[in-house]
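Below is one structure, written out as structure tokens; the observations come after it.
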Amino acid sequence: MASDDTERVIVIESVRQRLRHLILVDQVLDLIHSIGNDQKELIRNKARNESNTAAVDLLINTVIKTPHHDGWFMEFVDALKNGGCQHAADYVEAKFPDPTEEADNDACVLFIQLMSPSLLDRLKTSDVCAHCFSEGIISKEDKENIEAEEKNSGNRKGARALLTRIVRGRPGWFSTFLKVLRDTECWPVYYELTGETQDNGKEDEPAGSDVTAEEGPAGAQAPDNLECLDSSVTEETGDEATVLCEPLLCFTDGTDMAAAGGPKRADIVLRDYQMDAARPALEGKNIIVCLPTGSGKTRVAVYITREHLDSRRREGRSGKVVVLVNKVPLVEQHFSTEFRPFLKHAYKVERVSGDSPLKISFTEIVKKNDVIICTAQILENFLDNKDDEGVQLSDLTLIVIDECHHTKKGEVYNHIMMRYLKQKHKNVQLKKEQKKTVPIPQILGLTASPGVGGATKMDKAEEHILQICANLDAYKIMTKDNGQHKKDPYKQIASVEARQEDPFGDVIKKIMNAIHIHASLSPTCDLGSQNYEQWVVQKERKAVKDEDHKVRVCVEHLRKYNEGLQLSNTIRMWDAFGFLNKYQEEEMKKKVAPEEDEPIQITDTERFLFNLFKENKKELQTLAGQPQFENKSLSELRRIILHEFTSRDSARGIIFTRTRCSAMALSQWIQENSKFSDVGVKASYVIGGGDQSNVKPMTAAEQKDVLNKFRNGEVNLLIATTVAEEGLDIPQCNFVIRYGLVTNEIAMIQAEGRARAEDSSYTLVEVKGSAVAEKESINEYRKDMMSKAIAKIKSLSQDDYDKRIMTLQFQAIMEERVRKTKKKQKDRKSSSPSEVKFTCRGCSSHVCNGDDIQIIENMHRVNVSPHFGKLFIRKENTSLQERLLDYETNVFIACKICGQRWGSMMLFHGLEFPCLHVKNFVVAYNGKKISNCTRWNELAIQFPALDYVHHASQVVTRVEGG
């Protein structure tokens, strides 16, 4: 029975991409009675807030989730059949159509998609719907939904609903649909789809003849440049364009393209300072556009992109533009709000990121589109590819680099530009030898601030900025006059006294000192400080390397208590207590094994640590509820917020804080305090999407939802981590508060730039003696030094500037050669996979050798040993449930002995593999241990690619033999 279930899951996973477009969640969900009401609501919300496709993914994940109940598979199949998704049911039951028939059907779907704008007004929805039901190409529920849509929203919406449902039918629906059009005398649509005219159509047509599916969509082969082929089609609803559905099942009502999602060509109007900044790029030169946050850098880039493509088209040459960003959310933002709306009328625009399945076919995406917005790492990966699947710099004609101040040593932007610089200087030599040069793209860098790179003197600041210019091969750095079009916000520092009494913090310190004694540790810095945190990290690495599990476990707990201390000085004591309590609960859960497995061992030290918290928990809980001991910073923050909202007609602001936990806690504190709601405060938080924190990250969709609410006024106070400082499109604010958070001058400039409305304020809240204000003063000094350094660089003659840039480029190329030579030497000495061993970071038990590991998509390291499954247990990963990608599951794997997390289970083309995260292991080369390896690319080991066919055949053999 289990083997049958395994085979069924493999089939479902293998056709998931098809099911995404064939299942209508609203018609199927209520027919699956085994899914609970709460989960059904989650799926419905997914459909409402994101898309039917996203909801289908969540539905499939829910259906195939183990353990399976009896009859789960037939319940799913019956729901599909009874919900009008018979074609989807065929795929689930492995009743696959003939490949030729499947290809013809796809062509028919695409053909209807392409033709839909001209069909919707002319389709007799009511008559055609009734006949389609009679002919069996739509279900009764389909018919009722279409009729309701027509009644409530008119013929056009009803026609769209009809087309959306017809194309989900079994192959053969197209010829039946043509017959329905003839029977209902819907001749305009019939002629449009068959290519016939009134003269040669109805009169000459033999009685009873059918047009085959192959004949119908022949026209779908023709126009490659139709806008309908965009990856999403939109309909205007107010100011925001919302996605209706996904390809291949995507229809638009044919409204004017400018109204449907973007302005016409003439609508890109640059201000004078923007045009001044863009001018050298319009002449084909490489530049850096350095404009303050909110000054329209991206709009300048869109304008330059369009002019670049237009000019090449006029000359009879093709253009290819890649827009590089350093954060996944920026991909969707630039695509949806800037590049696609302005360029889609004339050019194909697509986006790809690490969260996108399109990254697998990136080379094809580059070939088929004119403008590609992607994360820099995606391009770097494919530039590395030496075979036909790769991308060459010579394929591109313009590269736009967003937040280009990251183009420095060690950054992915710089890796890409180093290829460019090498080819540029090779071309100089080729030209001297009168040989053909290799085309290289134009470069456009965008930044609000290049920074000074930690410089304390003017010449070093100048050198730092020149190095970025050299790395980007910039002809000039383009700025605007100081003060032009921008008034700096009013800036103030709010200093508060440190707490005189802190009994809550004293209890935490008492616990920490007890742990110090237990582990024989003697810290040399203050508890609750950043220096203490660094000390703990060093001790943890040493303990792992020495296999000293007593110290390792103790310093892990000390690190959390130190964070709890820091939080209690920033947010409510109650929230800090909740943070510590949750950590203890999560650690204890790790020691609970699934019922069928042996108990996970709990060491004496772990038992001591659990009991220590348990003994002090009640006292911490009591103290956390006593407001007289709260930190003064929170009171000052309350005063500032209330002042901003009572002294302004329409307040809109951002609070920047250091950690995700504090952002979430401050948002909750504001929402729970009636004083804030009384003055109209509507707060929410936005945090990062990476997995480096224990706090559940925000998905790109969640970030976008919060920022949309901030934009339309549903939220007027945003509490954010540093994710909001750089790049994200946040509407103008009239106040910014940095809550005990100071980083560098770039972050300060970007945070100040968020307060760009008239009469804006910028406030720094600090505790006296914390050195936060001093750091801010240093940043002010560096900001001023940066402005002077840029002015000095701009005053250089072009010859002097070019000489300095050339020198820096040659230095960078030589350093790169030395680095690569050293790497090659290191690689020659590096161990083969068989010489590398992995042990559990938690208990030092042997996990596997390098021979057991294979790599998927040059990215995911999976253990393929058939015996590996005996070493780990599976646990639900709740943080993944709402953000599953094609290859993710909501299950992580952990050591069977100690409960240490090792990685997660991943699905790849229907097969399940344990994917390892190297940071959870101690790696040893021939007995030499490495305790602080956090990324796989830090290991000079070439693992073999996954042999998918071999593993799939093994699964099939086990299933058939079972």
Flag for Ser311-Glu307: side-chain donor and acceptor within less than 3.5 Å = no

Specify the closest pair of heavy atoms between Val371 and Val323, including all atoms of both residues, with the distance to one decimal.
-> CG1-CG2, 4.3 Å

Using side chain to side chain donor-acceptor pair (under 3.5 Å) as the criterion, list what pairs up with Glu714, not counting sequence neighbours.
-> Asn712

With the threshold set at 4.0 Å, does a side-chain nitrogen-carboxylate oxygen contact exist between Arg48 and Glu41?
-> yes

Are any non-hydrogen side-chain atoms of Leu446 and His405 less than 4.5 angstrom apart?
-> no

Take Val706 and Tyr685 through the test side-chain contact (heavy atoms from CB on, under 4.5 Å) and record every step on the way to the result.
-> CA-CA 8 Å; Val706 172; Tyr685 65 87; over 6 Å; no

Can you name the side chain to side chain donor-acceptor pair (under 3.5 Å) partners of Gln274, sequence neighbours left out?
-> none

Count the heavy atoms of every other residue, nucleotide or ligand shown that sit under 6.0 Å from NZ of Lys709, and state whether that count exceeds 12.
-> no

Answer whether the closest heavy-atom distance between the side chains of His860 and Met906 falls below 4.5 Å.
-> yes

Distance from Leu324 atom CG to His334 atom NE2, nearest 0.5 Å?
-> 10.5 Å

Output for pair (Ile166 CD1, Cys108 SG), nearest 0.5 Å, gives 12.0 Å

Do the non-hydrogen side-chain atoms of Gln671 and Leu666 ever get within less than 4.5 Å of each other?
-> no

Given side-chain contact (heavy atoms from CB on, under 4.5 Å), test Lys46 with Asn52 step by step and report yes or no.
-> CA-CA 7 Å; Lys46 203 79 164 173; Asn52 182 73; over 6 Å; no

With sequence neighbours excluded, residues passing salt bridge (charged side-chain N to carboxylate O under 4.0 Å, His left out) with Arg279 | Asp276

Between Asp402 and Lys327, does at least one N-O distance fall below 4.0 Å, as a salt bridge requires?
-> no

Shortest non-hydrogen separation from Val391 to Leu383 and the atoms involved = O-CD2, 3.1 Å

Close side-chain approach of Pro441 to Leu398, heavy-atom, < 4.5 Å | no

Pairing residues for Asn145 by the side chain to side chain donor-acceptor pair (under 3.5 Å) criterion, not counting sequence neighbours = Gln27

Between Thr62 and Gln39, do the side chains contain an N or O donor and an N or O acceptor separated by less than 3.5 Å?
-> yes

Between OG1 of Thr305 and CD of Glu338, what distance do you get to the nearest 0.5 Å?
-> 10.5 Å

Sub-4.5 Å side-chain heavy-atom contact between Leu120 and Leu163 | yes

Heavy-atom pair of closest approach, residues Lys320 and Ile372 = CD-CD1, 4.0 Å

Only residue of Ile401, Thr447, Thr407 satisfying side chain to side chain contact (heavy atoms under 4.5 Å, CB included) with Ile288 is Thr447

Does a salt bridge link Arg20 with Asp57, judged by any charged N lying under 4.0 Å from a carboxylate O?
-> yes

Distance col, row Lys348:NZ vs Ile365:CD1, nearest 0.5 angstrom, shows 10.5 Å

Phe339 vs Lys344, side-chain contact (heavy atoms from CB on, under 4.5 Å): CA-CA, chis, key distance, verdict = CA-CA 8 Å; Phe339 284 88; Lys344 68 178 182 181; over 6 Å; no

Thr397 pairs by side-chain hydrogen bond (donor to acceptor under 3.5 Å, both in side chains) with which of Arg317, Gln442, His308?
-> His308

Test side chain to side chain donor-acceptor pair (under 3.5 Å) on Asn369 and Arg351 and set out the steps.
-> CA-CA 10 Å; Asn369 292 277; Arg351 79 289 208 195; over 6 Å; no

Considering only heavy atoms from C-beta outward, does the side chain of Phe735 approach that of Arg652 to under 4.5 Å?
-> no

Is there a side-chain contact between Cys374 and Val322, using heavy atoms and a 4.5 Å cut-off?
-> yes

Give a yes or no on this: more than 12 heavy atoms of other residues, nucleotides or ligands lie within 6.0 Å of atom OH of Tyr413.
-> yes

For the side chain of Asp395 and the backbone of Gln392, is there at least one donor-acceptor N/O pair under 3.5 Å apart?
-> yes

Flag for Asp310-Tyr347: side-chain donor and acceptor within less than 3.5 Å = yes

Minimum heavy-atom distance between Ala88 and Ile23, given as atom pair plus value | CB-CG1, 3.8 Å

Test Asn326 against Thr375 for side-chain contact (heavy atoms from CB on, under 4.5 Å), laying out the working first.
-> CA-CA 6 Å; Asn326 63 331; Thr375 43; over 6 Å; no

Examine distances only and state if a side-chain atom of Arg660 and a backbone atom of Ile687 form a donor-acceptor pair shorter than 3.5 Å.
-> no

First locate atom OG of Ser667, then atom CD1 of Ile655, and finally report the distance between them rounded to the nearest 0.5 Å.
-> 9.0 Å

Judged by modelled atom types alone, do Glu332 and Ser336 share a side-chain donor-acceptor pair under 3.5 Å?
-> yes

Go through the side-chain N and O atoms of Asn49 and Arg44 and say whether any donor and acceptor fall under 3.5 Å apart.
-> no

Presence of salt bridge, Asp370 and Arg306, under 4.0 angstrom | no

Correct closest heavy-atom pair for Cys85 and Leu24 would be SG-N, 3.5 Å

Could I get the full list of salt bridge (charged side-chain N to carboxylate O under 4.0 Å, His left out) partners for Lys285, not counting sequence neighbours?
-> Glu283

Heavy-atom pair with the smallest gap, counting every atom of Ser650 and Asn734 = O-ND2, 2.8 Å

Glu411/Lys408 ion pair, N-O < 4.0 Å = no

Test side chain to side chain contact (heavy atoms under 4.5 Å, CB included), reference Ile399, set Leu393, Asn286, Leu472, output is Leu393

Can you sort out the partners of Ser684 under side chain to side chain donor-acceptor pair (under 3.5 Å), two or more places apart, ordered by chain and number?
-> none

Taking the side chain as C-beta and beyond, is there a heavy-atom pair between Phe656 and Ile737 under 4.5 Å?
-> no

If you round to the nearest 0.5 Å, how far is CG of Asn381 from CG of Leu379?
-> 9.0 Å

